Amino acid sequence: MTILPRKQTGIYGLIRDKSYIAPYVSSIAAVGFGLVALVTAVKHNWISKEEAYQKADGTLNTFLNNIESKEGFFYHFINRSTGAREWNSEISIIDTGIFICGAITVGEFFGKGVQEKADKVYRRINWEWFVDKNKNMFYLGNTPENGFFGSWDTYGEQLILYILGSGSPTYHTDKSLYDTMKKPVGEYKNYKRIIYSWFGSLFTYQFSHAWVDFRNTEDENGINWFDNSVRATLANRQFCIDNKDTFKTFDENSWGVSASVFSDGYNGESGALPASSELKNDGTIPPSGAVSSIVFTPNLSISALQNYYENYPGLIGEYGLKSAFNLEQATPWFSYEYLGVDKGITLAMIENYLSESIWQNFMQNEYVKKGMDDLNISRKM
């Protein structure tokens, strides 16, 4: 591969949180998914490896030199022109984690300078700083105005954080954080032994799996997180089938209740049973819910994908499937927005289904291997 002179300077590679609303705002999680998309783009010959290398290199250079941060962590939302904090957003451990997963992936894929820069960004992250020593849990976030707040106390999309923290060569966190995380077990209809998240939102069973190949693995307590996501996905679909008389959008090929853009704004509390909290559904379905479950339920996810494309032309736009739709209103509502993380998780999971390339690159990283070993998550014999 011939490496061309890098032309990017200053702020580069910051992906919009949403496609149209506040186009000047970037989500660092969307950037993480965008880095992963470069691997997919090369695999499918959408762009050359040289061009993708330059994009990855320029993006990581931006995060090393131009993005506002503290102790290696980044703000959830940043200005696409300046790299500074936007919307008084929090310093986010989960969004920093998603970003660094993307960085690790392109580092392994491209090697050389990209790998060196990904390594440098990762080594800067002071995971220990984000630990609530009294609870032995990661905090949810931090703001300059009020300091730390909340706790990652219950299972959700944060599985990846325990691996990243345990694997860190500079700011190692203890395995006990993973052990302290509450793992409530419930069921829905025929789907038993589901370790469920607070809102039962489907993305919580997906995000860590975009990078970590949990297939055929178990921790020391016999938990297989991949199989858990399969059961949770099937339960989510069954929940939608059972509620199709309540919500017109729900049926066997229109399912996957999850956080997304709704007609009245973003809703992070939409989900399915089992869940710890009261569900706040209004009949909205984000297509990314079912489609991003393709590694868990391939045939069912493909049927949903076909249904969306064949039967809902209002759901299709410039960038493929829009973020959400709802048939409850007199005039069916189709989002005009594309949410960066929705598009990102969809592309990553489809690529893992097709080639496993995101899994393969991420899982070969030495820090990831160490993190998995430290948590005693290993391949079943």
Side-chain angles (χ1 to χ4, degrees), residues 12-23 25-44 46-47 52 55-56 59-60 62-63 74 76-78 80 92 94-109 118 156-161 164 201-213 229 256 258-261 266 268 286-296 301 305 308 317-324 335 337-359 361-362:
Y12 178 81
L14 300 186
I15 295 173
R16 294 179 184 181
D17 173 54
K18 301 178 183 69
S19 53
Y20 300 111
I21 296 175
V25 176
S26 172
S27 154
I28 60 167
V31 177
F33 280 118
L35 288 172
V36 165
L38 294 175
V39 177
T40 303
V42 173
K43 286 286 185 179
H44 294 277
W46 298 336
I47 61 175
K55 292 179 182 294
T59 302
L60 293 177
T62 293
F63 274 80
F74 300 101
H76 189 169
F77 299 109
I78 54 179
R80 293 181 65 228
S92 173
I94 185 60
D95 293 281
T96 296
I98 291 171
F99 165 74
I100 202 61
C101 284
I104 288 172
T105 304
V106 292
E108 293 297 325
F109 181 73
E157 68 271 25
Q158 83 277 19
L159 275 180
I160 189 62
L161 299 181
L164 294 171
S201 195
L202 196 49
F203 83 94
T204 61
Y205 304 100
Q206 297 170 345
F207 272 24
S208 289
H209 295 261
W211 293 279
V212 183
D213 183 3
S229 286
S258 191
S260 189
V261 175
Y266 183 81
S288 63
V291 181
S292 299
S293 295
I294 192 168
V295 299
F296 307 127
S301 294
L305 180 62
Y308 298 146
E318 182 179 4
Y319 305 110
L321 291 170
K322 297 175 184 177
S323 281
S335 170
E337 274 293 355
Y338 301 87
L339 194 61
V341 293
D342 282 2
K343 303 304 291 184
I345 186 62
T346 301
L347 185 61
M349 291 301 230
I350 289 176
E351 186 57 32
N352 279 328
Y353 170 73
L354 292 173
S355 73
E356 302 181 8
S357 65
I358 310 305
W359 282 337
N361 281 284
F362 184 78

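Quantities reported herein were computed from a predicted structural model and do not represent experimental measurements.
- For the ring pair (Phe, Tyr, Trp, His ring centres under 6.0 Å) test, residues two or more places apart in sequence or in another chain that qualify with F207 are F33, F203.
- A search for side-chain contact (heavy atoms from CB on, under 4.5 Å) contacts involving A52 returns L38, V42, I47, F110, not counting sequence neighbours.
- The two residues S229 and H209 have their closest heavy-atom pair at OG-NE2, 3.1 Å.
- The distance between the ring centers of F296 and Y205 does not fall below 6.0 angstrom.
- Judged as a side-chain contact (heavy atoms from CB on, under 4.5 Å), and not counting sequence neighbours, the contacts of I350 are V291, I294, T346, L354.
- Between the S27 side chain and the F77 main chain, no donor and acceptor come within less than 3.5 Å of each other.
- Two residues are said to be in side-chain contact when any heavy atoms from C-beta on lie closer than 4.5 Å; I78 and L14 meet this criterion.
- Between the side chains of Q206 and S293, at least one donor N or O sits under 3.5 Å from an acceptor N or O.
- Here K43 contributes atom NZ and S355 contributes atom OG; the two are 6.0 Å apart, rounded to the nearest 0.5 Å.
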Problem set entry | Criterion side-chain contact (heavy atoms from CB on, under 4.5 Å) on T105 and V39, from CA distance to verdict | CA-CA 8 Å; T105 304; V39 177; 4.2 Å; yes
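- For S201, the side-chain hydrogen bond (donor to acceptor under 3.5 Å, both in side chains) test picks out S258, with sequence neighbours left out.
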For this session: Please report the C-alpha distance between C101 and L164 in whole Å, then the side-chain angles of each, then the deciding distance to 0.1 Å, and finally whether the side-chain contact (heavy atoms from CB on, under 4.5 Å) criterion is met.
Result: CA-CA 9 Å; C101 284; L164 294 171; 4.1 Å; yes
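- Here the CD1-OG distance, from I94 to S208, works out to 6.0 Å after rounding to the nearest 0.5 Å.
- Rounded to the nearest 0.5 angstrom, S288 OG and L347 CG are separated by 12.5 Å.
- For the side-chain contact (heavy atoms from CB on, under 4.5 Å) test, residues two or more places apart in sequence or in another chain that qualify with A118 are L60, A103.
- With values rounded to the nearest 0.5 angstrom, I104 atom CD1 is found 11.0 Å from L35 atom CG.
- For T204, the side-chain hydrogen bond (donor to acceptor under 3.5 Å, both in side chains) partners at least two apart in sequence or on another chain are S197.
- If you take CG on L321 and OG on S335, they are separated by 11.5 Å, rounding to the nearest 0.5 Å.
- In this structure, the side chain of D95 does not engage the main chain of I28 through any donor-acceptor pair within 3.5 Å.
- Here the CZ-OG1 distance, from R80 to T62, works out to 11.5 Å after rounding to the nearest 0.5 Å.
- The side-chain hydrogen bond (donor to acceptor under 3.5 Å, both in side chains) search around E108 returns Q115, Q364, N365, not counting sequence neighbours.
- Scanning both residues, A290 and Y308, for their nearest heavy atoms gives CB-OH, 4.1 Å.
- When all heavy atoms of L339 and S260 are compared, the pair lying nearest together is CD2-CA, 4.3 Å.
- With sequence neighbours left out, Y338 forms a ring pair (Phe, Tyr, Trp, His ring centres under 6.0 Å) with Y319.
- In this structure T96 satisfies the side-chain hydrogen bond (donor to acceptor under 3.5 Å, both in side chains) test with no other residue, sequence neighbours excluded.
- Using cut-offs of 30° and 60° on the angle between ring planes, the pair F362 and W211 is tilted.
- Scanning all heavy atoms of the two residues, the minimum distance from A348 to A210 falls at CB-CB, 4.2 Å.
- Counting only residues at least two apart or in different chains, salt bridge (Lys or Arg N to Asp or Glu O under 4.0 Å) contacts with residues 339-359 comprise R215-E356.
- At least one side-chain heavy atom of V261 sits less than 4.5 Å from a side-chain heavy atom of K18.
- Annotation for I15 and S26: closest pair O-OG, 2.7 Å, computed over non-hydrogen atoms.
- Between P286 and A259, the shortest heavy-atom distance links the atoms CG-O, 4.4 Å.
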